Amino acid sequence: MRKICQIFFMLLFVSFIGQMRAQQTVNIGETPWKFSKVIRQESNLVSGLTVLSGTDVVSGINDGKFDTGAGKPLVGKNYFVDLLEKKPIERIKLVFNGDSVRYVACRVEVSDDNNNWRILSDGLSVQECELHKENIFTEAINNTIGNVAVVTRTLFSVPVSGSYRYVRFTVTKCLSSDQKDLSAEIGELLVHPVSRNIWSEQELTDIAFNDSEWETVGLPHCFNERDTYLNATTGERCWRGEAWYRKKIFFKEKDKDKKIFLEFKSVNIGAIVYINGHAIRGDFKAKQPGPVTHVGSFMPFVVDITDYIKWNEENQIAVRVSNSKGTFFAWPGFGENEGFGQAMGGIAASVYLHKKNKVHIPYNSYTPLKKWGTYFGTVSANPQKAVMRFQTNVENATDEEQSVELRTKLIDKKGRTVLSFSDVEEIAPGQTRLFDRTGSVENPHLWYPVGCSGEPYLYTVSNQVYVNGKLTDTKNERCGIREITWDEDYCYVNGEKCILRGFGNRNTYPGLGSAVPVSLQWQDIAYIAKCGGNAYRVGHQPPFAEIFEACDVYGVLVILNTGDNEWALRDEPSLSYKWECDRDVMIAYRSHPSVAVWESNNGLPYEGEKYYPSYTLEQVRRWDYIQPRIVSNRDGFPPKWNKEDPILIGYTNRYEKMKGYPSYNSEVYGTNWSGNPSWCIARFDYDNEKRFSQYYVENYLQDLDNKACGWIDWMLAETYGEGYTIYLNGKRNQKSLGSCAMDGNRFPKLKYRIYQNALWIPYSQKPGVALQSHWNYSGIQDVDAWSNCPYVELFINDKSYGIVEPDSRTRRCTWKDIQWVPGVVKAVGLDADKKPVCSEKIESSGEPYAIEVTIEKPMPKLDGEQFVLRANASDAFIVTAKIVDKEGRWCPRADNLLNFEVEGEGVYKGSYNFYVTENKELSYHAPGDAELQAEGGLMRVAVRTTFNPGKIKVKVKSEGLVAGEASIRSKKVKM
């Protein structure tokens, strides 16, 4: 066996060398980029000045308060303001409160001498108002609650170019959304000066532009990372706007015969990529105001920059990015809601520079190149035989016809080729040829998700392109052989019934925003698998690209949405964008065995032209044809659906069985909308953790009793912006919903441990017991544990308090009316013969004494690969501060204020406190704040690396406690 492994690795090494000769890939995100926000000056030039309507002074129109105004009907009145001196003006806005005014005709004029007037708007043309939306939570269909963007103001906006002293305007017509005349009042007049720090597009994309004063960053980078988990419950508070990233790259003339690509794993939300001032234009159905490269959250895309490179000299790469409406791209209409993680901005994942031979395999990134490279999957499979289909495109970008050989191999974990093909095709210049092959694998190792009888076994698909015997391109991808089928009730993987159970998640992390290192992405998937979960759902947008690899490895099925809001995906350009997103995501991820479901929406809108699930099915039939995945509709059976076609029926925080179709609870968050306390708690609300946890246990079992094919706990970890419910403890002023299995810092709640040790992992696989969280009580107590074992015995200070058989349904054990005494409580899981097989203990503690500081090491990948902390200004690590007593025992009730300090080659990013603190600024106990309050005796913060490798020390202090510290070293990045 050892010799076989040596030969395998030697072959891999030879293949790797050949691949390096054929192509070169560099993660240029790990090298310095220059970054700057476009800070628009939103001050109002008319603030404090006199505004006249005829000869009358209007006081409420420029007081900075939107709830005051002119005090009389606006239509037909003339307004005039003197700015006292000539000033550069960028924009004039009239603000109307509410959503009644949707169309306005207004004559707007400016002058620098009060005699010669320039007309900006003639007062005859009716213009549509801009809509200012804020998030509220409102009851939707079927007693669910939606995070809905509601119009709170409408704005008539006129751009200005030049410097002027006088402004006057007359509104000639105000119309409602149904074109009816309104006699409206103006809420506020805004005259904005020319924005600061605004350079021309030509300047910003030119290599001569001086960006030395800009911030130096690594990628991934989230430009509003500190705007999350703020000291507020809900609402739009993340910074939205434009930003620029710039990088110089030297291209040697020896690479002139290659194709040069830039691969962006994620840019949020819209981007224009420039090379030496040339904008790379994408291809959209939606009409764009100018050249736009890509639009879409957390979706990879690739651009070809070959034709614009200057050889043997430096080239300027510039990326214009926006997460805001009204900028350089048509707004998609489903990047609205901050609480859904859609407000994130920046280049939120790695950027790779690829140098490839002109005869090569294209990327699986359809927009903007309109090409794809590889697609493979299982036609059918059983333990005796699997039929596999492999499709590979090869592009000939040379000026001559090429005789191209494509060698495709399916290789098992031991390096053995179990299936191979070799074909030669003549490819004309500038053309692409599809190689389509089908073959059989005898006695295959099948891929199974967590909880099934097998493991998530992965093969490698190796595609090698040869021209005249010379290797020109290689692409190696992991492949799982599996067959997913559905009947009217359940999902089956390789013929074995598989209940989808797992978590939703967001593409964010406290202190890091959406710039989440790969190690933490893998860690979240490991948390899901570790507790017996086998399903992962990111609502409203796709997951990070690396998540799919992690889910393949761990055996976690992905329920994949391409992007939308709740009940809001309607009309153009949203429909065109959604069509393209469905297509692009399918092409990017269809070869992954973990992808199980294409989720079409998060609820169909109530009005307007809708994007129906049948449209997603059309895309499936066009792009996912080897083994088509099922389509899901989130809220019941959709309209315009052929009842003969299978569909997965989802429900929001409720469940009912749809006869004839598999049905599941797609979001379980236990919130009551009646004004009563909800099944939601903070992670450190230990007094309510038992009631809270038991609710989810019973909800899960009830749904499965009613033939639910799946059950998705709303979130693995607490997110920000949705703290609108009443908790079990009566509190309601918090930053998150409070129904998740972990807090935002990934400290588990009791219910996570119950899933892991009692509910989702069977005794036959791993005996487990989950004991209540702590033993710092007094008086008479009930002690509770949950276990998958046949019996559980309770010990307090080594004294037995009896053996209990867990409830056959909920797996709960209770020892009632126990007199509290300080010491150690231990729950021991027993087998059928009442012999110990597992245990968990808790221990009472004394008064807080010291802070124990630990740097968390990321979980290694299942193959043993360790994540190394990289000095690239984008990698990060997590630090845990635990308050302990004199004997080093955790103090679960401690809430001391902690102060964090980072020394050396690290940058403090911080974390958050769960509850909102009244009468404090938004940044209080939020990301970036060096002071945080311990929650249940614990706190975690994030620290980023710099570009300099070296030691990073984290110190944590608190008045009256012994300080603690810990250190780690970042490693130099080898390019």
Side-chain angles (χ1 to χ4, degrees), residues 450-451 497 499-503 530-534 654-655 665 668-670 678-681 685-708 710-713 728 739 741 748-775 777 780-796 799-820 825-842:
V450 170
K497 187 167 78 172
I499 300 297
L500 277 65
R501 54 174 180 257
F503 303 93
K530 190 176 180 181
C531 76
N534 63 15
R654 71 182 188 92
Y655 171 75
N665 199 334
V668 183
Y669 46 82
S678 299
W679 298 102
C680 301
I681 64 169
D685 181 8
Y686 302 121
D687 292 344
N688 286 295
E689 68 173 6
K690 298 176 187 179
R691 295 173 59 212
F692 168 81
S693 301
Q694 189 68 6
Y695 169 84
Y696 290 89
V697 170
E698 293 177 354
N699 188 294
Y700 170 78
L701 294 170
Q702 289 167 5
D703 287 356
L704 264 58
D705 285 345
N706 196 21
K707 290 189 175 181
W711 189 90
I712 307 300
D713 196 315
L728 285 177
S739 69
K749 297 181 185 178
L750 173 60
K751 75 167 177 175
Y752 174 88
R753 295 190 287 113
I754 292 173
Y755 297 156
Q756 180 179 20
N757 295 307
L759 202 63
W760 288 358
I761 297 179
Y763 171 77
S764 59
Q765 181 180 334
K766 184 181 179 182
V769 59
L771 185 57
Q772 65 185 61
S773 292
H774 73 85
W775 190 236
Y777 287 105
I780 303 298
Q781 297 292 324
D782 290 348
V783 179
D784 286 271
W786 287 254
S787 177
N788 60 18
C789 296
Y791 303 98
V792 181
E793 186 172 8
L794 182 72
F795 293 88
I796 301 178
K799 176 185 175 181
S800 177
Y801 280 72
I803 295 174
V804 171
E805 185 176 354
D807 182 272
S808 60
R809 180 175 173 79
T810 66
R811 310 307 302 166
R812 185 175 185 173
C813 313
T814 300
W815 293 265
K816 299 187 71 66
D817 300 328
I818 303 296
Q819 174 62 53
W820 180 87
V825 178
K826 187 176 182 181
V828 179
L830 308 175
D831 64 14
D833 296 325
K834 298 184 179 179
K835 294 181 179 179
V837 290
C838 62
S839 66
E840 186 170 87
K841 71 176 182 178
I842 53 178

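All values reported here derive from a predicted model rather than from experimental measurement. This chain uses plain numbering: 1 for the first residue, then up along the sequence.
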Tell me, please, which residues at least two apart from Leu830 pass side-chain contact (heavy atoms from CB on, under 4.5 Å). Tyr791, Glu793, Ile803, Val828, Lys834, Pro836
Starting from the C-alpha separation in whole Å, work towards a yes-or-no answer on side-chain contact (heavy atoms from CB on, under 4.5 Å) for Ser693 and Tyr755. CA-CA 10 Å; Ser693 301; Tyr755 297 156; over 6 Å; no
Tyr777 vs Trp775 aromatic rings, parallel, tilted or perpendicular, using cut-offs 30° and 60°? perpendicular
Looking at NZ of Lys799 and CG of Leu794, how far apart are the two atoms once the value is rounded to the nearest 0.5 Å? 11.0 Å
Measuring from atom CH2 of Trp760 to atom CG of Asn534, what distance do you get when rounded to the nearest 0.5 angstrom? 8.0 Å
Taking every heavy atom of Val804 against every heavy atom of Cys813, the minimum-distance pair comes out as CG1-CB, 3.9 Å
Side chains of Tyr763 and Asp831: does their closest heavy-atom pair fall under 4.5 Å? yes
Name all residues meeting the side chain to side chain donor-acceptor pair (under 3.5 Å) criterion together with Tyr686; count only those two or more places apart in sequence or in a different chain, and write none if there are none. Arg683
Check: Ser800 side chain, Gly802 main-chain N or O, donor-acceptor pair, under 3.5 Å: yes
Could you pull out all residues at least two apart from Asn706 that satisfy side-chain contact (heavy atoms from CB on, under 4.5 Å)? Tyr655, Lys657
Which heavy-atom pair separates Phe503 from Ala741 by the least distance, and what is that distance? CE2-CB, 3.5 Å
Do side-chain atoms of Asp817 reach the backbone of Gln781 as a donor and acceptor pair under 3.5 angstrom? no
Is any side-chain heavy atom of Val668 less than 4.5 Å from a side-chain heavy atom of Ile712? no
For residues His774 and Ile842, report the shortest heavy-atom separation together with the two atoms involved. O-CD1, 3.3 Å
Would you call Glu840-Arg753 a salt bridge at under 4.0 Å N-O? yes
Tell me the closest heavy-atom pair linking Ala708 and Ile499, and the distance in Å. O-CD1, 3.8 Å
Under 3.5 Å, is there a donor-acceptor pair between the Ser787 and Arg812 side chains? no
Got Tyr669 and Trp679 here, is their nearest side-chain heavy-atom distance under 4.5 Å? no
Short side-chain to backbone donor-acceptor contact, Lys766 and Gln756, under 3.5 Å: no
Rounded at 0.5 Å granularity, tell me how far OG1 in Thr810 sits from CD1 in Ile754. 9.0 Å
For the residue pair Lys690 and Gln772, confirm or rule out a side-chain donor-acceptor distance under 3.5 Å. yes
So, Arg501 and Asp703, do they make that salt bridge, N to O below 4.0 Å? no
Testing the basics here: between Val769 and Ala785, what is the closest heavy-atom pair and its distance to 0.1 Å? CG2-CB, 4.1 Å
Verify whether one side chain among Ser773 and Glu689 offers a donor that lies under 3.5 Å from an acceptor in the other. yes
When you look at Phe692 and Tyr696, which way does the ring pair (Phe, Tyr, Trp, His ring centres under 6.0 Å) test go after all the steps? CA-CA 7 Å; Phe692 168 81; Tyr696 290 89; 4.9 Å; yes
Does one side chain, of Trp786 or Gln694, offer a donor that lies under 3.5 Å from an acceptor on the other? yes
Show your working on side-chain contact (heavy atoms from CB on, under 4.5 Å) between Leu759 and Leu701 and close with a plain yes or no. CA-CA 9 Å; Leu759 202 63; Leu701 294 170; 4.2 Å; yes
Heavy-atom distance under 4.5 Å between the side chains of Ile761 and Asn757, does that happen here? no
Non-hydrogen atoms of Arg809 and Asp807 that approach each other most closely: N-OD1, 2.8 Å
Between Asp782 and Thr814, do the side chains contain a donor N or O and an acceptor N or O under 3.5 Å apart? no
Take Val837 and Cys789 through the test side-chain contact (heavy atoms from CB on, under 4.5 Å) and record every step on the way to the result. CA-CA 8 Å; Val837 290; Cys789 296; 3.9 Å; yes
Can you tell if the side chain of Asn699 reaches within under 4.5 Å of the side chain of Asn665, non-hydrogen atoms only? yes
Side-chain touch Trp711/Leu500, heavy atoms, less than 4.5 angstrom: no
State, with a plain yes or no, whether a side-chain heavy atom of Val792 is found less than 4.5 Å away from one of Pro806. yes
Ignoring hydrogens and geometry beyond distance, is a side-chain donor-acceptor pair present between Asp713 and Tyr752 at under 3.5 Å? no
Within the structure provided, determine whether Lys841 and Val825 are in side-chain contact (heavy-atom separation under 4.5 Å). no
